[in-house]
Amino acid sequence: MTERKEYRFSEIEARWQKSWDEHGRFCVERHPDKPKCFVLVMFPYPSGRIHMGHVRNYTIGDVVARYKTMKGFNVLHPMGWDALGMPAETAAIERGIHPADWTWNNIATMKRQLRALGFSYDWRREVATCDPDYYRWEQKVFIEAFRKGIAYRKTSLVNWCREHGVLANEQAEGGICWRCSGPVVQKEMPAWYLKITDYADELLDGLKTLSQGWPDYVIRQQENWIGRSVGAQVRFPLEKGGEPLTIFTTRPDTLYGVTFMSIAPEHPRLAELTTPERRDEVARFVEKAARTGVRRVEQEGLAKEGVFLGSYAVNPLNGRKVPIFAANFVLMEYGTGAIMAVPAHDQRDFEFAKTCDLPIEVVINPPGQELDPASMTSAYVEEGVLVRSAAFSGMNNRSAIEAIVDHLEKEGIGSRTIHYRLRDWGISRQRYWGCPIPMIHCDQCGVVPVPDDQLPVKLPYEASFDGKGNPLDKLESFRRTTCPTCGGEARRETDTMDTFVESSWYQFRYASTDRANAMFHRSDVDYWCPVDQYIGGVEHAIMHLLYARFFTRVLRDLGYVGVDEPFTRLLTQGMVCMETYYHTEDVGDGTRVKRFHFPEDCIQEDGRWHLKDHADSPVTVGPVEKMSKSKKNVVDPERILADYGADTARLFIMSDSPPEAGLNWSEQGVKGAYRFLERIFAFAEDLAAWKATPPSAGQPSDDGLPLECRKLAHKTAKAFTADLERFSFNTAIARSRELGNFLFSKGAALAAAGQLDVVSEAFLTLVRLLHPFVPHLTSELWGLLGGTGEPSDHGWPTWDEALCVEDSLELPVTIGGRVRAKLPVPRGTAPAEVEKLALESPLVLKWTEGKTVLKVIVVPDKIINIVVK
RNA sequence: GCGAGGAUGGUGGAAUUGGUAGACACGCAAGGUUGAGGUCCUUGUGGCCAAUAUGCGGCUGUGGGGGUUCGAGUCCCCCUCCUCGCACCA
């Protein structure tokens with residue numbers, strides 16, 4: 001046999017990438033006669049270099065895009081950069097690099113890396129959100145939203161460090177500033193908001209239209225996030241008289257069980273409700289609560305605490321006098337900032353009552369039971385029958401909700417109300433590297449938008465980054481301006497926008513290539529949008545997607561787009577994980593800490609792991625965790641490209657797990673993928689050689705092998721396609737391996753038997769099926785085997801349905817729940833006939849001997865189950 | 001703490017609607033090739049017990065416990081552990 005050529009992936013990949021680039025192969029235009037398909041992957045934050053999470057996300061997108069192209073769709077597949085955000089500013093503070101330079105450098109590096117992976121992007125449509133030509137349109141939309149009342153200003157609480165100003169939650173973990181370890185307090189500051197709550201009902205209803213294309217769990221989480229709850233506002237008169245205290249409750253059926261009230265520590269009426277003798281203690285509590293913040297009580301599970309204010313409210317239904325508390329878990333933003341507490345039927349109230357020794361009053365009993373407050377260990381929150389509730393006693397609690405609210409409305413004590421857990425979107429950031437909010441503060445004229453002809457408000461390059469407060473705020477040349485209305489001296493707004501704003505509309509920007517003078521063109525958006533398939537990380541399941549859905553509706557209401565929903569179908573991909581390598585070290589005071597190592601610094605010898613250069617430094621192989629720099633369990637995609645090539649990286653990342661699940665990186669798995677490609681390459685070489693010089697015809701093959709080969713190829717095409725349609729990439733690849741394994745072991749025999757056409761057809765089917773996954777190698781082999789152009793010029797493989805069905809089946813027969821026999825029958829045999837054959841079968845007789853056949857269940861063409869006794 | 005999801009061999013996973021659990025791959029083992037191997041090929045591989053069993057030897061097995069069903073990895077209830085999100089990270 002002649003010596004085989006080596007699989008030189010780097011040569012092949014570079015050549016095809018160059019060809020695609022030069023021919024503008026992935027540049028697309030509107031095409032009225034072709035069905036369109038917009039495949040969008042979540043654009044990356046340009047943090048420096050791409051990581052495996054990106055490779056996974058973008059490979060999934062590329063496989064979908066290339067598959068849809070082969071299916072005949074006009075596919076839009078763009079890429080861009082979510083380029084504004086905190087890390088650029090952190091780099092400026094810590095390393096003295098300007099955020100703009102840092103970002104643009106990172107973009108250049110990452111773009112080069114993405115190109116090396118062979119993704120089919122139309123790079124003409126690239127966007128970078130830090131480009132003033134991008135964010136100017138956001139400023140324009142903001143001003144229009146402001147004029148419509150969708151954007152507004154109000155005060156809100158922020159994390160505040162005396163030294164470093166406003167901090168993000170992640171910079172204020174544990175109530176401590178990440179830079180100076182100083183205390184972080186909650187401080188009131190004015191901030192800009194977008195009125196997402198006005199769209200709450202629409203965003204909720206819209207989820208119904210998405211149920212076909214979005215994962216259920218994302219829809220459920222969005223529903224819960226919006227948190228629409230129907231309940232009642234109830235006015236509790238105060239014992240001392242005056243304005244009653246209004247609370248919101250979703251459980252008016254428990255009104256007779258109220259034993260105390262709680263209000264948020266920042267409730268405007270706190271001082272008024274506090275008696276003079278309680279003032280000091282309450283002040284201490286409020287101060288402490290401000291230091292902690294409600295968020296940490298909720299998220300970090302801190303103790304729920306409260307303080308008695310000294311005054312009382314009166315239950316409007318039963319006249320009971322109940323104490324009023326301030327509590328650190330009551331949110332001012334939700335409802336009215338005040339709640340009625342029913343410890344018997346609300347778990348949080350129950351815990352609070354137990355710690356503060358407050359009474360518990362049962363007003364709902366489980367059917368046929370009677371609860372005793374003294375022996376309860378948790379609140380009873382299920383349905384039941386009302387007791388001790390005056391005229392409502394004896395009613396089912398569900399109907400009591402309606403009856404009691406009717407009563408409240410009739411008596412003028414309360415009313416039906418709907419509240420949302422969703423709060424308005426606070427978009428102000430006291431940071432430099434964001435889109436400037438285009439507003440001007442004038443002492444005479446108030447808050448005035450920047451006039452259209454002065455847009456964009458560009459970020460000034462000259463700014464100093466010392467980590468202490470907002471650089472824009474300290475830059476006089478930026479701050480000082482004149483009022484567009486009166487011409488007087490005025491101050492520019494120095495807040496920038498939340499970077500979630502840019503990622504709320506980038507999908508529309510991609511639709512147009514000609515956008516020097518427009519955000520995008522309506523005709524382009526009308527053709528390409530909405531996005532047919534959106535693909536990105538699970539971590540964005542709530543916020544990004546909700547904001548983008550909201551912003552799309554804002555753009556719709558401002559006349560920019562004609563769609564309600566931006567993303568028709570959604571695929572959420574899991575994270576890329578890897579085992580950790582570490583050793584533990586004593587830090588002196590007896591506590592041991594983990595010191596992590598990069599996997600490439602560790603080596604296994606004689607079954608033990610140790611550091612490469614120090615055989616006496618043992619290393620523990622830890623659990624598989626999400627790849628992260630801090631744990632050092634990262635693999636640089638570029639190294640994988642150098643060692644194995646883009647096709648191998650793409651194939652492995654798609655073959656080892658379903659896309660929604662986490663993917664465990666495995667170097668061995670990568671090698672397995674590489675081996676498969678090598679074998680494909682080698683087989684193609686063989687096949688080309690056979691074609692050039694047909695092997696001398698041996699014995700004609702009449703053993704059914706050619707038919708088996710054809711059937712397998714057609715069945716594989718069918719199943720592979722079905723798998724792609726449901727994004728089951730890993731099983732699709734498994735099927736392609738089965739076809740490959742068959743050809744590798746039987747191909748030569750078939751060729752020798754004069755069945756070269758059969759082998760060739762099957763192999764070319766394999767090449768075409770794999771093309772979206774391994775585009776470089778398959779394009780190469782397609783040409784080698786005499787195909788014109790590339791596999792994608794020839795559409796998606798089809799199959800002959802007749803070759804996909806088996807006419808004879810082997811039905812499993814289970815007796816007493818165990819498979820005891822296999823019954824050969826033709827497909828479609830009538831159940832009665834199957835039953836007869838089964839009961840006559842010797843093996844079945846062996847197992848039913850001495851027993852009574854009670855029942856025979858025949859599932860046609862599937863299984864036979866015999867129930868015996 | 002609240003909301004959402006998950007758990008199947010030594011490992012990643014497969015089983016599309018309740019119908020043969022473990023496809024495909026990794027690893028491992030044996031044999032062959034190479035005779036440098038991080039190469040290649042063949043065979044085997046859930047566990048336990050058997051030892052060629054008159055047609056496929058038996059038992060057991062999908063995080064733990066209970067239930068529904070002729071039949072449960074799949075449906076229901078309880079528990080444990082893991083992951084994601086929680087509004088200024090993106």
Side-chain angles (χ1 to χ4, degrees), chain A residues 42 44-45 47 82 84-87 90 158-159 166-172 191 215-218 220-221 223-225 227 295 297-302 304 329 333 347-348 351 421-431 498-500 503 537-544 546-547 572 574-575 577 623-626 652 655-658 660-673 675-676 678-679 722-723 726 728 730-731 733-738 741 745 810-814 816-822 841-843 846 854-857 859 862-867:
Chain A
M42 290 181 185
Y45 179 81
S47 54
D82 190 12
L84 292 167
M86 237 173 30
T90 305
V158 294
N159 298 313
V166 181
L167 300 178
N169 287 336
E170 63 165 11
Q171 301 173 331
D216 285 344
Y217 85 95
V218 175
R220 257 192 294 280
Q221 287 196 95
E223 277 169 359
N224 291 337
W225 186 261
R295 189 187 64 83
V297 175
E298 267 192 338
Q299 257 176 59
E300 297 172 27
L302 300 184
K304 294 186 180 68
F329 59 88
E333 288 96 339
Q347 189 56 28
R348 283 175 310 177
E351 286 166 26
R421 207 186 71 93
L422 180 70
R423 306 200 292 266
D424 275 341
W425 179 10
I427 57 159
S428 275
R429 299 291 181 270
Q430 287 70 37
R431 290 182 224 300
D498 179 2
T499 57
F500 271 128
S503 54
V538 262
E539 65 275 19
H540 295 295
I542 301 182
M543 299 184 66
H544 160 60
L546 191 67
Y547 290 145
T572 52
M575 283 166 315
C577 308
V624 169
E625 293 185 63
K626 175 185 173 177
F652 168 72
S655 63
D656 220 40
S657 286
E660 316 81 40
L663 173 92
N664 283 21
W665 189 262
S666 140
E667 191 82 11
Q668 292 301 336
V670 176
K671 284 181 182 166
R675 246 188 327 259
F676 182 52
E678 259 189 326
R679 295 172 91 193
D723 282 349
R726 63 189 179 105
S728 185
N730 54 331
T731 55
I733 292 168
R735 291 181 203 283
S736 76
R737 279 178 179 271
E738 283 180 278
N741 290 344
S745 64
E810 285 223 312
L811 297 186
V813 182
T814 60
R818 300 217 160 69
V819 181
R820 297 300 187 188
K822 294 261 169 92
S841 138
L843 207 61
K846 176 188 156 193
L854 293 178
K855 202 171 173 183
V856 180
I857 292 135
V859 182
K862 269 268 166 67
I863 199 168
I864 301 142
N865 188 17
I866 299 171
V867 187

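Just so it is clear: chains get the letters A, B, ... in the order the sequence lines come, proteins before strands, and each one is counted from 1.
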Using the P atom as the point on both nucleotides, what is the distance between B:G47 and B:G12, in whole Å?
16 Å
Taken in chain and number order and not counting sequence neighbours, the residues that satisfy side-chain contact (heavy atoms from CB on, under 4.5 Å) with A:N159 are A:L167, A:N169, A:A172, A:V184, A:Q186
Need the glycosidic conformation of B:G9: syn if within 90° of 0, anti if not. Which one?
syn
Regarding A:R348, tell me which of base, sugar-phosphate or nothing describes its non-hydrogen contacts under 4.0 Å with the strands shown.
nothing
When the P atoms of B:G67 and B:G57 are considered, how many whole Å apart are they?
33 Å
What distance, rounded to whole Å, do you find between the two P atoms, one in B:G38 and one in B:C86?
46 Å
In whole angstrom, give me the gap between the P atoms of B:A7 and B:C76.
14 Å
A:T814: what forms a side chain to side chain donor-acceptor pair (under 3.5 Å) with it, not counting sequence neighbours?
A:N865
5'-most contact on RNA chain B (nearest-nucleotide basis), A:D216 vs A:S657, goes to A:D216
With sequence neighbours left out, the residues meeting side-chain contact (heavy atoms from CB on, under 4.5 Å) with A:M543 are A:W225, A:F500, A:Y547
Checking A:L811 against A:V859 for the side chain to side chain contact (heavy atoms under 4.5 Å, CB included) test, could you report, in this order, the C-alpha distance in whole Å, the side-chain angles of both residues, the deciding distance, and whether it holds?
CA-CA 10 Å; A:L811 297 186; A:V859 182; over 6 Å; no
How many whole angstroms separate atom CZ of A:R818 from atom C1' of B:G61?
11 Å
I'd like to check the salt bridge (Lys or Arg N to Asp or Glu O under 4.0 Å) partners of A:D82; sequence neighbours left out, ordered by chain and number.
none
How far does the C1' atom of B:A72 sit from the matching atom of B:A21, given to the nearest Å?
11 Å
B:C24 versus B:G1 - spacing of their P atoms, nearest Å:
44 Å
Taken in chain and number order and not counting sequence neighbours, the residues that satisfy salt bridge (Lys or Arg N to Asp or Glu O under 4.0 Å) with A:R421 are none
Contact class for A:G574 vs. all strands (heavy atom < 4.0 Å): base, sugar-phosphate, or nothing?
nothing
Between B:A15 and B:U74, how far apart are the P atoms? Round to whole Å, please.
15 Å
Readout for nucleotides 82-90 of chain B: B = base within 4.0 Å of protein heavy atom, S = sugar-phosphate only, - = neither; 5' to 3' it is --SSBBBSB
Tell me, please, which residues at least two apart from A:D498 pass side chain to side chain donor-acceptor pair (under 3.5 Å).
A:W425, A:R429
Spacing of A:E660 atom CD relative to B:A7 atom C1', expressed in whole Å:
16 Å
So does A:N730 get a backbone contact from the side chain of A:S655, meaning a donor-acceptor N/O pair under 3.5 Å?
no
Could you run down nucleotides 17-31 of chain B 5' to 3' and tag each one B, S or - for protein heavy-atom contact under 4.0 Å?
--BB--BSSSS----
Under the criterion side chain to side chain contact (heavy atoms under 4.5 Å, CB included), I'd like the reasoning laid out for A:H544 against A:M42: C-alpha separation, chi angles, the key distance, then a yes or no.
CA-CA 10 Å; A:H544 160 60; A:M42 290 181 185; 4.0 Å; yes
Check whether any side-chain nitrogen or oxygen of A:R220 sits under 4.0 Å from OP1 or OP2 of B:G5, and answer yes or no.
yes
Taking the same atom, C1', in B:G13 and in B:A25, what whole-Å distance lies between them?
8 Å
According to side-chain contact (heavy atoms from CB on, under 4.5 Å), who are the partners of A:T572, at least two apart in sequence or on a separate chain?
A:P215, A:Y217, A:V218, A:V538, A:L570
What residues form a side-chain contact (heavy atoms from CB on, under 4.5 Å) with A:R423, not counting sequence neighbours?
A:E333
Give RNA chain B the dot-bracket treatment, 5' to 3': Watson-Crick (N1-N3 with N6-O4 or O6-N4) or G-U (N1-O2, O6-N3) under 3.5 Å, [ ] crossing, | other strand.
(((((((..(((......[....)))((((((.......))))))((((.......))))..(((((..]....))))))))))))....
State which residues pass ring-ring contact (aromatic ring centres under 6.0 Å, His included) with A:Y45; sequence neighbours excluded, sorted by chain then number.
none
Between B:C41 atom P and A:F676 atom CZ, what is the distance in whole Å?
13 Å
